[in-house]
Structure formats: C-alpha cells, structure tokens
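In what follows, a structure is listed as structure tokens, so that the remarks can point back to it.
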2 protein chains.
Amino acid sequence: MAEKLKGETTESPDIARTALTSTTEPIQVNFNALPVEENAPDRISIRDVAKQAGVSIATVSMVLNQNPRISRGTHVRVQRVIDSMGYRPNRLAQSLSSRYTQVLAVILPPLRHAFADAYFGEILSGISDRAGKLGHKLLIEQAKPQYIKEGKHIELYERRFVDGVLCLGFNEKHTFLSDLRQYPMILVDNRFGDGLLDFVHCDYRMGAKQAMNCLLQLGHRNIGMIYAAPESPTARDVLEVYTTELRNAGIEVKESWLADGCFTDEGGAAAADLLTHRDKDITALLCGNDKMALGAIRYLVEHGRKVPQDISVVGFDDIQHLAYANPSLTTVHLPLYELGVAACERLVSRIRGKVDRVADVLPTHLVLRESTSIVRTR
Amino acid sequence: MAEKLKGETTESPDIARTALTSTTEPIQVNFNALPVEENAPDRISIRDVAKQAGVSIATVSMVLNQNPRISRGTHVRVQRVIDSMGYRPNRLAQSLSSRYTQVLAVILPPLRHAFADAYFGEILSGISDRAGKLGHKLLIEQAKPQYIKEGKHIELYERRFVDGVLCLGFNEKHTFLSDLRQYPMILVDNRFGDGLLDFVHCDYRMGAKQAMNCLLQLGHRNIGMIYAAPESPTARDVLEVYTTELRNAGIEVKESWLADGCFTDEGGAAAADLLTHRDKDITALLCGNDKMALGAIRYLVEHGRKVPQDISVVGFDDIQHLAYANPSLTTVHLPLYELGVAACERLVSRIRGKVDRVADVLPTHLVLRESTSIVRTR
DNA sequence: GTTAACTGTTTAATCAGTTTAACAATTTAT
DNA sequence: ATAAATTGTTAAACTGATTAAACAGTTAAC
C-alpha cells in the first residue's frame, strides 16, 4: 500500500506555477536592509490627533487610557476626533513606554505534529479564548533543540516579545524550563522539581483512581498498563496510583504488566502486542492517553481479540473526535480546555504582579463508553 | 454511552485546588493600571553598551545591523562588549524605528477545534518552520464574528502587531478578507474573487482528476461525491472536475450523486447515508476531505457495506495519522506542509516590497491504499 | 484678602532603538 | 601643495507613545 499513482497535469494551467526555493538552513536576515514601502500611507499618530483636537498629546494619551484626570468634556471632544480620524495607537510605542507587550507565548515541544495534535489543540483553544478576552495576543513557538541552544526562549522576554510564556507538553527532562524561572511562566499540565515552577495540571491521580476503580469494579484483576514518559511527574502519578490501587485490592503488580507506549498510536499498538504476549491472562489495559488506547485497540482487533469482550481498554484525555471510534473509548476526561483557560488566567495575574506560586490542579472524571465491560469468567 | 462515573477525590490533596473565575464576557483591561514590576532588573540598553565600549550609540546600532561603514576593528571591539554584557536589543524599539515587526499573523476560522485540526496543523507546521528560518515570529488568531466586527484584523496591521497575515480556511463567503487587500496578506489554500487577493493553494483540479482517473480505471461508473463548502473556489474545482471527468467518460452525472458533508466526520457519515439510499447503484464515493471519507467509511461499515469490496472511497488531504484507519484510506495527497512553507515565503517577499501578485498552485498526487478496489461485477 | 487645596491641562523627560547629515581624518587625484 | 574623494564615527533628529512634574485657573478655608 501507500503506492503512488503518477498524476497528470491539470489541463488548463492558467495560473503560473512558480518554482519554490527550498533552503533548509536558517536564512540570515538583515533587519535594516529591508526596503521601506514607498507608498506606505502616512499613519496617523497621536500628534495628528492632538493638533486636530487642539490639545496636547498628553491629553490625547490620557483620553486613550481613560485617565480620570481628564474632564468629561475634553474626553468626549478628543474621542470624537479620534473616531473621526480613525486613529489607532501604535502598540510598539505603547509597549516601549508602558513596558507591557500584551503578548503571551505558547511553547510547544518539537514534535512533528505538535500543531495537529488534539491534546495540544484543546489546551490551545482554552488559552486562545481567554487570552483574547484578557486583551492579549498569542505567539506560538516550537522549542526545537536549536531554538533552545540559541537562547530564543530567553530572548522572548529579554527582547520584549512577550510578557509571559505558557509551556505545553514538557516535563522534568526539559531542563531549559528552569531558565525561565525568573520570568512569568506557567508549566501547563505538569510539574517541575515539585514546586519550583508555576504550574497548572489535571489531577492525574484522581483520573487514575477513577479508571482503576472502574476496572476493578468490573471484576478485572489482571490489569496491564501502557504508560509513557516516566520522566513526567504527572505520568508518574498515574503509574503510582495504578500500583497503589492494585495493591489495595490485594493484587501484586507484575513487572510484565507494564509497557511504554511513547504516547503514540504505533507505540500503543506495540505495547499491546508486548503485554498480551508476556501475560495471556491480562483482561484489561489502562493507557496513559487516548492515542495509545486507540493504537492498542486497533492492534487487538486486528489480531482477533474482541474489545471489550476479551479485553477492556481505558484511555486518558477524552479527545473529542475519538468518540466516534469503534468501539468508542472509555476514558478519563481531562479538562484540557479549562486547563488552558486556567493557565492563561494565572499567567496574566502573575504578569500583573501577583507573587504567590501558582499550583492549580483540575479535577477529572471518567467517561464510560464501549471499550470496557465486565470481566469474562472462564 | 458517554455516561459519567462519579469520581472520588484523590486521597492526598497536597496541592491547593484554587477556585477559578470563569467570566464569559470580554474583560476590560486598562493598559496603564498595570503595576510595573518593582524588582525588574534594569535592562541593559544600547546606551550602556556604547558607554562601556567608548563609542556612540549610533556605532553600536550599526555594529548590530552589520552596517559596512563600521570598520573591522570597531566591529570586533563593540561586538565583544555586546557579548560580555549579554546585551539583547529591545525589539519594540527596533520595530518602532525600523517599521518592521518581524511578526506574521495566522488567522484561523472560528471553528471549535481549529487548533486541533490535522489539516490546519500540517499547514501551520510549514508556516512555523519557514517563519522561524526567515526570522519571523508567529501570532495566532481566530476570526470570531466579534473579532471581525471590532476590526481586530485591521488593527493587526494598523497598530503594528504584524507585518503580514496568512489566512487559513477561508473562502469567498468571508468578505472580511477584502479588508486586507491593501496590506501584505496571503490567502492559503483558496482563491478569492479569482485574483483579487494573493493566494497559494493546492491544485485541487489536478487532485480531482487523479482521484477520478483512479476510480474510472477501476471500472466504477456510478460515482457519488461528498463535497463541502461550494462557496469555496477550490472546492468548486473538485466538483467541476468530477463532473467533467464523468462526462468525458460518457457518464451523465445525476443530481442524486451529490451530497454536502460539511467537511466533518458526522457530515460525511450523514452524506454517505443519504447517497446510498438515494441511489443503490453507487459503487464509489469521492470525498472532499479525509474527515468526511472516514465518516462515510464508518457509516458504511456499521451498516454492513464492505469497504472497498462493496463500495470504494477516496479522500482528499492525506492526513498523516489516518493512514492507520481500517481500511486505510486511498486519498489525494495535498502538499499541506509545503503549502505553508510557500505561503510564508511568499508573504515575506511581499512584505519586503515584491509587488507582483502571488498566485501559486502546488501539485498533488494520489496515494493508493486499501479503501479502493476494482468495481464488483454483479 | 491671602493662603491652601483642588482641577484639568501641558511641558518635558523617557522608553530604546535607527538613520540622516555633518564632520574629522585620511587617502587619492590634479 | 591643494582640492576632491573616501572612510569611519558621531551628533542630533526621529519613531509614537506614557508619565512625572509643573503650571494655570478655580474654589474653599481661615
């Protein structure tokens, strides 16, 4: 499969098809060598407004910023001029002066499909919505190794690109995070050095407990776990609760019940392969995220094991469009959108001078669908 | 299904769980009321560097910008001071003066899962990679109705947030696009008013031809089409080629072979339902994107029709992680990553003063997988 | 009737850079 | 030897806002 059929050209190439340069190494840009647009319509500045309104620029500025020292009459008069001239303050000048950019950065890990990922996407939606409401713009960056090496993450602050940064998808392995300790930043959906950095994350312990309760109540006793990124504190939370809950139920955890699925679809499938071969008695799988759960189900079904009749599978995330999977996935719902909202909110209040450490943990809940069932008695 | 199990709280709530405010209406922000961080470490400015190096700030600036009028010796000496002091130029001041922000905006449609969408994600990856190489940052916005109404898309330029804008996922229905005509902007993967705006899009005509060729060669004659967004020129391209190719093969297109699938999974399923009931003889479906194709396959399989034995399905997009679908999807590969790269490149050259209209069309190819087969003779 | 307090506005400094024009010091041409 | 051209550096103007301090003009207090 994946064979390519050679395609012929469209019959009417009425549109020019231009060759694209495809340089791979970074391109040096001389900031100054750029030609200034000749026909750039002269922007209206605060001076123009001041002149037109017959007041000083300080007055216009104060009107703009609703300074109470400006009288009602002047305010109205100046505002009218502002509106009629269609004046919009240059925010570069505003930021230069006020020291606030009203821009936040979101840093994503250097994964190939980071921008197309449902997990990040959901968090991003929350961040974007709240940032907009708080009057902030969003800058998106991917923390490639080169990016970190060049200190671009620090430049973000130092060169005044942004007021604060939200870090998604990182864990304690990503040591560059500690470079940002001195600036406003929130680690999203993880912890770091247990309390050294501000963070907001889902209650993975609660989620794990809900998932394990469900499986145990359904009578499962041989429960495998497809985990990932054990260097991540929140991922470890799940592993720990998994172990604790089994032990509390009087079940001794076997080493052979654990496999790393790398948070990917393929990884989930491979882990399911490994686990089912290492221990034929496994009747249920707890997976660290939905992607691995789906990979596992795909593998199981393709190898003649019925889900959930032969083996139950529980995921983690509750990615929306997976609700249509067949069988639909029982999973721990993580409030990812709300997590984004919370993170954004916390970051902004941090920027505005709030000094307490941020450490929010959002509750989860289990969504029971079709991939789990009562254990089959033999 | 989708019933929720009530979850109990984690046993050790060692981390404070703070209540979150959840305001829904926009929050007024007074730019000036923000307290300036007291302990802000005094940033090093160009003046400090100049003093330390014993030259004027003009010289430092010229060193920074590699102005050739600076002698080799001075350059080295000043650069050494810059490095030793860890000086990083404030880009607000640079941009204020140079009139270039080195920031691009990406505007996405106001869809719920725009950030988690594989189609947008792939384009975004391309844009992000190339923008980084060209020394540009990326601002991401969602064009909600309110956003447009308030003219925020124009503010992006007028207030000097960005130098240019990339518009993803819009079509001729989105009239706000014409507001941006006078500024550097590229419409990505569509046209507008056929040539009024700069654009870069995939060759949907070529793609449609490749898909139809494939189905016709496999012997299909009753081919249904699940389209979407007929207000989109590129979507219309596909519809037109579909019709033309059938006609060229001596097949009269029936009205009942067409259904709108809204570009969604559910829409695809609903359209498949409609089409198969309107015309029992349909043996193949051409779908406007992969999501609808998958929805259609899901519907068909759930209703006892075998894919591809009973009915072949071809998609459009070639979304990566769908390669694992079962059956895997035969689809038209759109070079979305390259599209992002091209769009970004074109935008930057536009910003730098290139005046020719941008009108790139990138070639597609068919990826033959398991969802298509030779037509079943009865 | 002078002083004090309050209002509303403006002057001028500041944010941190870029860039033009001027200038001194050399080098080259006549 | 003098004028012209070249080279490297700098002073000063400029980008477009904010804001502390100064300043009139009223009003209130004693």
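So that the names make sense, note that chain A is the first sequence line, chain B the second, and so on, each numbered from 1. As a basis for the values below, the full set of heavy atoms in this structure was taken, side chains included, without hydrogen atoms, waters or symmetry mates.
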Review point. Would you say the side chain of B/Ser97 and the base of C/dG17 hold a donor-acceptor pair, judged only by whether the two atoms sit under 3.5 Å apart?
Key: yes
Review point. Is there a donor N/O on one and an acceptor N/O on the other, under 3.5 Å, for the side chain of A/Arg47 and the base of D/dG16?
Key: yes
Point to revise | Of A/Pro68 and A/Ile57, the one whose closest DNA chain C nucleotide lies more 5' | key: A/Pro68
**Study point:** B/Gln146: side chain to side chain donor-acceptor pair (under 3.5 Å) partners, not counting sequence neighbours
**Key:** B/Glu150
**Study point:** NZ/NE/NH1/NH2 to OD/OE distance under 4.0 Å, A/Lys152 and A/Glu141
**Key:** no
Check your understanding: Would you call B/Asp198 and B/Arg346 a salt bridge, taking side-chain N to carboxylate O under 4.0 Å as the test?
Key -> no
Without decimals, in angstroms, what is the distance between [X] [atom1] and [N] [atom2]?
X	N	atom1	atom2	value
A/Asn67	C/dT7	CG	P	13 Å
A/Tyr87	D/dG16	OH	P	9 Å
A/Lys51	D/dG16	NZ	P	13 Å
B/Leu92	C/dT14	CG	C1'	15 Å
B/Leu64	C/dT19	CG	C1'	14 Å
B/Ile46	D/dC14	CD1	P	19 Å
A/Gln66	C/dG8	CD	P	16 Å
A/Glu158	C/dA16	CD	P	12 Å

Practice item. Go through the steps to decide whether B/Asn90 and B/Gln94 satisfy the test side chain to side chain donor-acceptor pair (under 3.5 Å), and finish with yes or no. Key: CA-CA 6 Å; B/Asn90 180 322; B/Gln94 287 188 317; over 6 Å; no
Exercise for review: Output all residues satisfying salt bridge (Lys or Arg N to Asp or Glu O under 4.0 Å) with A/Arg80, sequence neighbours left out; order by chain, then residue number.
Suggested key: none
Is the closest side-chain heavy-atom distance between [X] and [Y] below 4.5 Å?
X	Y	value
A/Leu166	A/Met185	no
B/Leu138	B/Val103	no
A/Val348	A/Arg130	no

Is it the case that the side chain of [X] and the backbone of [Y] share a donor-acceptor pair, with hydrogens and angles ignored and the cut-off at 3.5 Å?
X	Y	answer
B/Asp48	B/Ser45	yes
B/Gln142	B/Pro109	yes
B/Ser95	B/Tyr100	yes

Do any side-chain nitrogens or oxygens of [X] fall under 4.0 Å of OP1 or OP2 in [N]?
X	N	answer
B/Asn90	C/dC15	no
A/Arg99	C/dA16	yes
B/Arg88	C/dA16	no
B/Ser56	D/dA11	no

Review point. Is there a residue in residues 70-81 of chain A whose heavy atoms reach under 4.0 Å of DNA chain C, and which residues are they?
Key: A/Ile70, A/Ser71, A/Thr74
Check your understanding: With no hydrogens and no angle check, do the side chains of B/Ser71 and B/Thr74 hold a donor and an acceptor under 3.5 Å apart?
Key -> yes
Point to revise | Per A/Leu96 side chain, nearest of listed nucleotides C/dC15, C/dG17, D/dA17 | key: C/dC15
Review point. For the helix from C/dG1-D/dC30 to C/dT30-D/dA1, what angle lies between the axis at the first five pairs and the axis at the last five pairs, to 10 degrees?
Key: 60°
What's [X] touching, base or sugar-phosphate or nothing? Going by heavy atoms closer than 4.0 Å.
X	answer
B/Thr59	base
A/Val60	nothing
A/Arg160	nothing

What's touching nucleotides 20-25 of chain D from the protein side, N or O pairs under 3.5 Å?
{"residue": "D/dA21", "atom": "N6", "partner": "A/Arg69", "partner atom": "NH2", "Å": "3.2"}

Check your understanding: What salt bridge (charged side-chain N to carboxylate O under 4.0 Å, His left out) pairs are there with at least one residue in residues 163-180 of chain B, not counting sequence neighbours?
Key -> B/Glu172-B/Arg236, B/Lys173-B/Glu231
